[in-house]
2 protein chains.
Amino acid sequence: MMKVLIVEDDIDLAKTVAEYLELEGISCDYASNGLAGLNLAKGNYFDVILLDINLPGLDGLSICQQLREEGNDTPILMMTALDQLDDKIEGFQMGTDDYLVKPFELKELTARIKALARRRSGQAQLLRYNDLEMDLNARNVTRGGQALKLSPTVWRVLETLLRHAPNAVSKDALEQAVWGDELPGSNSLKVHIFNLRKAVDAPYSIALLQTIPGHGFALRSEHEN
Amino acid sequence: MMKVLIVEDDIDLAKTVAEYLELEGISCDYASNGLAGLNLAKGNYFDVILLDINLPGLDGLSICQQLREEGNDTPILMMTALDQLDDKIEGFQMGTDDYLVKPFELKELTARIKALARRRSGQAQLLRYNDLEMDLNARNVTRGGQALKLSPTVWRVLETLLRHAPNAVSKDALEQAVWGDELPGSNSLKVHIFNLRKAVDAPYSIALLQTIPGHGFALRSEHEN
DNA sequence: GTGGGTGGTTAAGAGTCGGTTAAGGTAGTG
DNA sequence: CACTACCTTAACCGACTCTTAACCACCCAC
């Protein structure tokens with residue numbers, strides 16, 4: 001699922017945006033001031049960061065600058081009121097990827113968010129754990145350099161596990177991530193896990209896909225932790 | 001249910017906030033001075049702590065600092081009057097997660113509390129007492145660095161004990177926390193406590209799981225308290 | 001001493017969970 | 001239409017887990 005960070009001091013606006021994005025299947029995190037936003041952006045992965053220019057404490061441009069200096073390449077979409085547009089527009093060269101003038105259409109916002117996320121994934125999107133690599137762009141998975149063949153659903157299972165590795169993912173969360181709201185009945189997940197094991201672990205000596213009894217699964221090499 | 005600790009010397013304000021939060025289904029605990037607040041925060045589990053900066057006895061920033069030094073990672077929301085705004089920046093270096101300038105809207109407060117609680121649940125979470133560590137994300141428990149194997153129910157028992165350590169938890173509260181409303185008959189809890197002891201204490205010289213006769217159990221090293 | 005309450009220990013049956021396999025159905029493709 | 005790939009479902013088995021009941025040990029009041 002796509003994850004977006006909203007840094008905005010107008011809580012009503014933030015809430016509206018967040019609710020709309022959630023409807024589109026985009027998960028949102030929220031900070032009401034610059035420092036909190038910066039810390040969140042540093043500490044977590046986001047597909048896109050939504051940044052208000054005018055913020056209490058630490059303004060959007062400074063946040064942007066600081067993130068870029070650290071090598072953080074998360075796409076940033078600036079939001080600005082019309083009357084602040086003039087003097088700030090040159091500052092957009094600071095590493096901002098796009099901007100939007102308030103008030104804006106939510107539909108337009110989502111379109112740009114998705115475009116930004118897509119653009120980034122066109123650059124380099126690689127999930128990795130141990131000798132297991134998933135290239136979301138090229139859409140292939142390798143273990144130890146050797147390509148693996150995965151069906152679409154199994155792919156999604158592995159992707160969510162990789163995004164959390166080496167943490168555990170509960171069965172509920174896994175089903176939610178793979179199927180969304182319309183879950184399959186029965187034991188579909190069990191079968192896909194089985195197939196995933198067959199593809200990822202069976203040909204190799206060390207197993208990466210661990211079962212956490214009574215809870216879920218984790219991608220983790222046996223003797224770690 | 002979500003639990004929030006309010007540390008605030010203005011009783012009227014605290015009361016107003018507490019009543020509003022209760023309406024939203026958030027359970028509140030309350031301290032009117034810094035020391036009481038610090039002790040409550042140390043001894044109990046909270047989803048979020050609401051901290052006034054200006055407090056008699058022990059100010060909010062010091063409380064925040066002390067909690068962080070102990071490894072307590074409960075999200076902290078600072079409340080500050082407008083004329084103390086400068087302190088805010090300082091607060092963020094102490095480990096504050098968000099702040100709010102008085103007077104504030106109750107609606108905004110609840111929104112931020114919920115955001116903080118949601119965020120925490122998505123990131124690293126470690127429960128610790130003595131040499132016992134429970135990583136809720138990786139979903140493993142270690143004592144003295146050595147991994148322990150726990151069944152799901154025993155896990156839940158240990159988790160609630162850890163959240164309250166080193167305070168005692170009554171048998172009723174423990175059953176409530178583990179089974180919710182549908183309690184098992186008979187002496188199921190006794191058996192799980194026994195199994196928990198076998199896993200956590202048996203291989204080690206000092207016992208952590210203490211029985212409080214006539215009341216319940218506590219996680220606490222023998223000679224403490 | 002006796003009896004009842006409390007807590008610790010053990011074992012057994014019922015039930016659940018995870019792994020595995022196979023069958024049926026659907027969609028896409030040539 | 002035939003073929004393939006894939007997903008869901010059902011069924012089965014072994015392992016594990018939970019509950020339950022029974023027994024034991026202890027403390028305390030009577």
Side-chain angles (χ1 to χ4, degrees), chain A residues 139-141 147-161 168-204 207-220 222, chain B residues 139-141 147-161 168-204 207-220 222:
Chain A
R139 194 146 187 102
N140 60 8
V141 187
L148 306 179
K149 184 180 178 313
L150 302 181
S151 76
T153 309
V154 171
W155 176 287
R156 254 172 292 151
V157 172
L158 179 58
E159 182 179 337
T160 52
L161 287 174
V169 184
S170 76
K171 280 181 296 184
D172 286 345
L174 205 46
E175 289 180 335
Q176 167 68 32
V178 172
W179 285 279
D181 295 324
E182 203 63 42
L183 304 181
S186 188
N187 55 356
S188 211
L189 180 60
K190 284 202 296 188
V191 177
H192 289 296
I193 288 284
F194 175 68
N195 289 326
L196 178 55
R197 276 213 175 89
K198 208 160 49 179
V200 160
D201 277 342
Y204 302 86
L208 290 181
L209 178 45
Q210 308 284 336
T211 303
I212 315 294
H215 183 253
F217 302 90
L219 228 42
R220 168 187 314 169
E222 235 162 317
Chain B
R139 200 136 234 273
N140 57 12
V141 187
L148 306 179
K149 185 180 177 312
L150 302 181
S151 76
T153 309
V154 171
W155 175 288
R156 255 171 290 150
V157 172
L158 178 57
E159 181 179 339
T160 54
L161 286 174
V169 184
S170 76
K171 280 181 295 184
D172 287 346
L174 204 46
E175 289 180 334
Q176 166 69 30
V178 172
W179 285 279
D181 296 324
E182 202 65 41
L183 304 181
S186 187
N187 55 357
S188 213
L189 180 60
K190 282 203 298 188
V191 177
H192 287 295
I193 288 284
F194 175 67
N195 289 325
L196 178 55
R197 277 213 174 90
K198 208 159 51 178
V200 159
D201 278 342
Y204 302 85
L208 290 181
L209 178 45
Q210 308 285 335
T211 305
I212 315 296
H215 180 253
F217 301 90
L219 227 43
R220 162 185 317 166
E222 238 162 314

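Below, read A as the first sequence line, B as the second, and so on, with proteins coming before strands; counting in each chain starts at 1.
- To the nearest angstrom, P of C:dT6 lies 13 Å from CZ of B:Phe217.
- Within residues 149-158 of chain B, the residues that have a heavy atom under 4.0 Å from DNA chain D are, in order of number, B:Lys149, B:Ser151, B:Pro152, B:Thr153.
- Between the CH2 atom of B:Trp155 and the CG atom of B:Leu148 there is a distance of 9.5 Å, given to the nearest 0.5 Å.
- OP1 and OP2 of D:dT20 both lie 4.0 Å or more from every side-chain N or O belonging to B:Ser188.
- For the pair A:Phe194 CZ and C:dT20 P, the interatomic distance rounds to 5 Å; values are reported in whole Å.
- Here C:dT20 presents its P atom at 13 Å from CG of A:Asn187, a figure rounded to the nearest Å.
- B:Lys149 and B:Ala199 get closest at one heavy-atom pair: O-CB, 4.2 Å.
- Atom pair A:Leu196:CG and C:dG18:P shows a separation of 16 Å (rounding to whole Å applied).
- If you take CD of A:Gln210 and C1' of C:dG18, they are 14 Å apart, rounded to a whole angstrom.
- Put simply, the side chain of B:Val169 does not reach to within 4.5 Å of the side chain of B:Leu219, judged on heavy atoms.
- Among B:Ile193, B:Leu209, B:Asn195, the one residue that satisfies the side chain to side chain contact (heavy atoms under 4.5 Å, CB included) test with B:Val157 is B:Ile193.
- Between the CG atom of B:Leu209 and the C1' atom of C:dG8 there is a distance of 12 Å, given to the nearest Å.
- The nearest heavy atom of DNA chain D to A:Asn195 and to B:Lys190 marks one nucleotide each, and the one closer to the 5' end goes with A:Asn195.
- Nearest heavy atom pair, residue B:Arg197 against residue B:Gln210, reads NH2-C, 4.0 Å.
- Nearest heavy-atom pair across A:Tyr204 and A:Val200 is CD1-O, 3.2 Å.
- The heavy-atom pair separating B:Thr153 from B:Trp179 by the smallest distance is CG2-CZ2, 4.0 Å.
- To the nearest angstrom, P of D:dT19 lies 11 Å from CD of B:Glu182.
- For A:Gly214 against B:Pro152, the heavy-atom pair with the smallest separation is CA-CG, 3.8 Å.
- When rounded to the nearest whole Å, the span between CG of A:Leu189 and P of D:dT9 equals 13 Å.
- Using a 4.0 Å cut-off, no side-chain N or O of B:His192 falls inside it from OP1 or OP2 of D:dT17.
- Of the side-chain N and O atoms in A:His215, none sit less than 4.0 angstrom from OP1 or OP2 of C:dC17.
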What are the atom names and distances for every N/O pair under 3.5 Å that joins the protein to nucleotides 27-30 of chain C?
none

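- Under 4.0 angstrom from either OP1 or OP2 of D:dT8 there lies at least one side-chain N or O belonging to A:Trp179.
- Taking each heavy atom of B:Leu189 and B:Glu175 in turn, the nearest pair found is CD2-CG, 3.8 Å.
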